**Student:** 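Dropping the structure in here first, questions after.
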Amino acid sequence: MTAATTAPMTAPLTGLRVLDLATLFAGPLAATLLGDFGAEVVKVEHPSKPDPSRGHGPSKDGVGLWWKTLGRNKRTITLDLSKPGGRATLLRLAATADVIIENFRPGTLEKWDLGWPELSAANPRLVLARVTAFGQFGPYAHRPGFGTLAEAMSGFAAITGEPDAPPTLPPFGLADSIAGLTTAYAVMTALAARERTGEGQVVDMALIEPILAALGPQPLWYDQLGHVQPRTGNRSPNNAPRGVYRTADGTWVAVSTSAQSVAERVMHLVGRPELIDEPWFATGADRARHADLLDEAVGSWIAARPRTDVLAAFEKAEAAVAPVQDVRDVMADPQYQALNTITTVEDPELGPLRMQNVLFRLSATPGAIRWAGRPHGADTDEVLTELGLSPADLTALRAEGAL
């Protein structure tokens with residue numbers, strides 16, 4: 001890569017090498033998060049069957065837009081791991097890598113003689129992150145699966161939606177996103193252990209587990225109390241008023257009163273301070289049992305005012321409120337602008353692109369988006385030449401169908 005596209009030396013993961021063998025979302029997102037903070041990420045795709053994320057969602061001029069963010073900060077090469085030359089080349093790459101992220105069904109790498117024994121023999125310091133729907137063992141391990149199944153199995157869908165409506169699935173990759181974040185954390189944990197032991201290890205990441213952790217203490221509630229959380233729509237069983245409320249100009253705002261002091265401020269603001277003196281107002285759970293009354297008080301006050309006035313009044317009262325925004329609002333939101341949450345990336349295929357910035361800010365060793373997702377196989381010759389392969393080697397691999 002040119003000097004303009006190399007990671008800044010201050011990036012915290014500079015010097016870390018990651019091979020991204022995964023497809024779609026959870027595994028590739030983990031690799032993206034590592035790349036955002038300086039890791040050298042090499043995306044390995046099948047020569048004739050690219051990562052399906054390249055074709056997900058809208059495209060422009062035939063170029064998939066989702067890939068532009070998911071594939072950022074990655075060099076892209078092609079390699080058919082089922083071919084002898086592809087297998088041998090991956091082992092050579094593994095010897096130079098710190099991390100491999102893959103999401104094949106359990107047993108697939110082993111079928112190609114690329115399981116943990118072979119990979120760790122090539123590089124004892126390697127961390128292998130294996131991301132699957134159900135994990136590497138158990139009765140479901142060999143089933144095909146996606147994030148949608150995790151959202152259903154974990155209990156998320158069962159508690160999402162209105163009480164008298166069907167369970168609701170999210171219209172985006174929630175389980176995959178949570179698993180991607182968790183995989184990046186797991187990889188860094190394994191690398192920290194390597195600093196002490198000198199040896200790598202396997203990360204077994206199942207999509208069905210991180211989303212269950214995100215759902216909080218539901219298993220504990222059930223274990224100790226037999227409690228099964230019901231669907232409550234936008235209401236919370238733990239506090240009220242809480243939900244979305246329509247304003248006079250037909251827009252919506254969200255209100256939360258997780259803190260007792262905030263709940264009291266909201267009641268003063270909407271002109272119902274007498275409710276604060278009710279015995280049941282003293283706890284969030286008791287307030288939730290009177291949600292109809294509290295929602296009517298808050299909702300009628302909000303319904304009589306335009307959103308601008310509502311937001312200003314809540315801010316003055318130091319009560320928690322936010323507008324319900326779609327992506328158009330997000331792009332123009334002054335807080336997101338102040339944080340540079342949406343940043344511009346120059347792309348040789350499509351020109352300037354606006355996308356989410358790196359996930360968090362570090363004061364001394366910041367991350368950066370060095371380039372957006374690159375074309376399929378764009379860096380194959382460069383990466384493999386750096387590995388020591390000659391032009392004749394590349395020709396032979398292409399003749400075999402391994403590239």
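Keep in mind that what you see is a predicted model, and the values were worked out from it rather than measured.
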**Student:** Specify whether His290 and Trp280 have parallel, tilted or perpendicular ring planes, treating 30° as the upper limit for parallel and 60° as the lower limit for perpendicular.
**Tutor:** parallel

**Student:** Let me see the working for Thr32 and Asn73 under side chain to side chain contact (heavy atoms under 4.5 Å, CB included), right down to the final yes or no.
**Tutor:** CA-CA 7 Å; Thr32 302; Asn73 293 334; over 6 Å; no

**Student:** Side-chain contact test, heavy atoms from C-beta onward, threshold under 4.5 Å: evaluate it for Trp116 versus Leu128 and give yes or no.
**Tutor:** yes

**Student:** Does some side-chain heavy atom of Pro28 sit less than 4.5 Å from a side-chain heavy atom of Asp51?
**Tutor:** yes

**Student:** Whether Asp20 and Arg75 form a salt bridge (side-chain N of Lys/Arg under 4.0 Å from carboxylate O of Asp/Glu) is what I want to check.
**Tutor:** no

**Student:** Would you please test Asp292 and Arg235 for salt bridge (Lys or Arg N to Asp or Glu O under 4.0 Å) and show each step?
**Tutor:** CA-CA 10 Å; Asp292 286 343; Arg235 289 179 172 177; 2.7 Å; yes

**Student:** With the threshold set at 4.0 Å, does a side-chain nitrogen-carboxylate oxygen contact exist between Arg87 and Glu118?
**Tutor:** no

**Student:** Taking all non-hydrogen atoms of both residues into account, name the closest pair between Val345 and Ala372 and its distance.
**Tutor:** CG1-N, 3.9 Å

**Student:** Considering only heavy atoms from C-beta outward, does the side chain of Arg54 approach that of His376 to under 4.5 Å?
**Tutor:** yes

**Student:** Establish, from distance only, whether the side-chain atoms of Thr96 and Arg17 form a donor-acceptor pair under 3.5 Å.
**Tutor:** yes

**Student:** When you look at Trp301 and Tyr245, which way does the ring pair (Phe, Tyr, Trp, His ring centres under 6.0 Å) test go after all the steps?
**Tutor:** CA-CA 10 Å; Trp301 186 91; Tyr245 304 90; over 10 Å; no

**Student:** Which heavy atom of Val63 sits nearest a heavy atom of Leu350, and at what distance?
**Tutor:** CG1-CD1, 4.1 Å

**Student:** Any side-chain donor paired with an acceptor under 3.5 Å for Gln260 and Arg287?
**Tutor:** yes

**Student:** Quick one: closest heavy-atom pair of Ser236 and Arg242, and the distance?
**Tutor:** CB-CD, 3.9 Å

**Student:** Could you walk me through whether Arg72 and Asp347 pass the salt bridge (Lys or Arg N to Asp or Glu O under 4.0 Å) check?
**Tutor:** CA-CA 10 Å; Arg72 70 194 194 190; Asp347 180 67; over 6 Å; no

**Student:** For residues Arg130 and Val203, determine if any side-chain heavy atom of one lies less than 4.5 Å from a side-chain heavy atom of the other.
**Tutor:** no

**Student:** Please determine whether a side-chain nitrogen of the Lys or Arg among Arg374 and Glu45 lies less than 4.0 Å from a carboxylate oxygen of the Asp or Glu.
**Tutor:** no

**Student:** Could you go through the side chain to side chain contact (heavy atoms under 4.5 Å, CB included) check for Gln356 and Thr69 one step at a time?
**Tutor:** CA-CA 8 Å; Gln356 297 98 322; Thr69 183; 4.3 Å; yes

**Student:** Which pair of heavy atoms, one from Ala39 and one from Val18, lies closest together, and at what distance?
**Tutor:** CB-CG2, 4.1 Å

**Student:** Under 4.5 Å between any side-chain heavy atoms of Tyr140 and Ile208, yes or no?
**Tutor:** no

**Student:** Evaluate the criterion side chain to side chain contact (heavy atoms under 4.5 Å, CB included) for residue pair Val330 and Thr341; output intermediate values, then yes/no.
**Tutor:** CA-CA 10 Å; Val330 168; Thr341 305; over 6 Å; no

**Student:** Relative to each other, are the rings of Phe360 and Phe37 parallel, tilted or perpendicular (30° and 60° limits)?
**Tutor:** parallel

**Student:** Is there a side-chain contact between Leu174 and Ser177, using heavy atoms and a 4.5 Å cut-off?
**Tutor:** no

**Student:** Hey, mind stepping through Arg272 and Glu274 against salt bridge (Lys or Arg N to Asp or Glu O under 4.0 Å) and telling me if it holds?
**Tutor:** CA-CA 5 Å; Arg272 298 296 303 274; Glu274 76 279 3; 2.6 Å; yes

**Student:** Stepwise, does the side chain to side chain contact (heavy atoms under 4.5 Å, CB included) test hold for Leu119 with Leu91?
**Tutor:** CA-CA 7 Å; Leu119 291 171; Leu91 288 173; 4.0 Å; yes

**Student:** Going through the checks in order, is the salt bridge (Lys or Arg N to Asp or Glu O under 4.0 Å) test met by Arg194 and Asp98?
**Tutor:** CA-CA 10 Å; Arg194 188 182 72 175; Asp98 298 282; 3.0 Å; yes

**Student:** Could you report the tightest heavy-atom contact between Val262 and Ser256, atom names first, then the distance?
**Tutor:** CG1-O, 3.7 Å

**Student:** Can you confirm whether or not the ring centre of Phe172 sits under 6.0 Å from the ring centre of Phe25?
**Tutor:** no

**Student:** Measure across Ala206 and Phe134 and return the closest heavy-atom pair with its distance rounded to 0.1 Å.
**Tutor:** CB-C, 3.6 Å

**Student:** Under a 4.5 Å cut-off applied to non-hydrogen side-chain atoms, are Leu207 and Phe146 in contact?
**Tutor:** no

**Student:** A side-chain contact here means heavy atoms from C-beta on lying under 4.5 Å apart; do Leu384 and Asp379 qualify?
**Tutor:** no

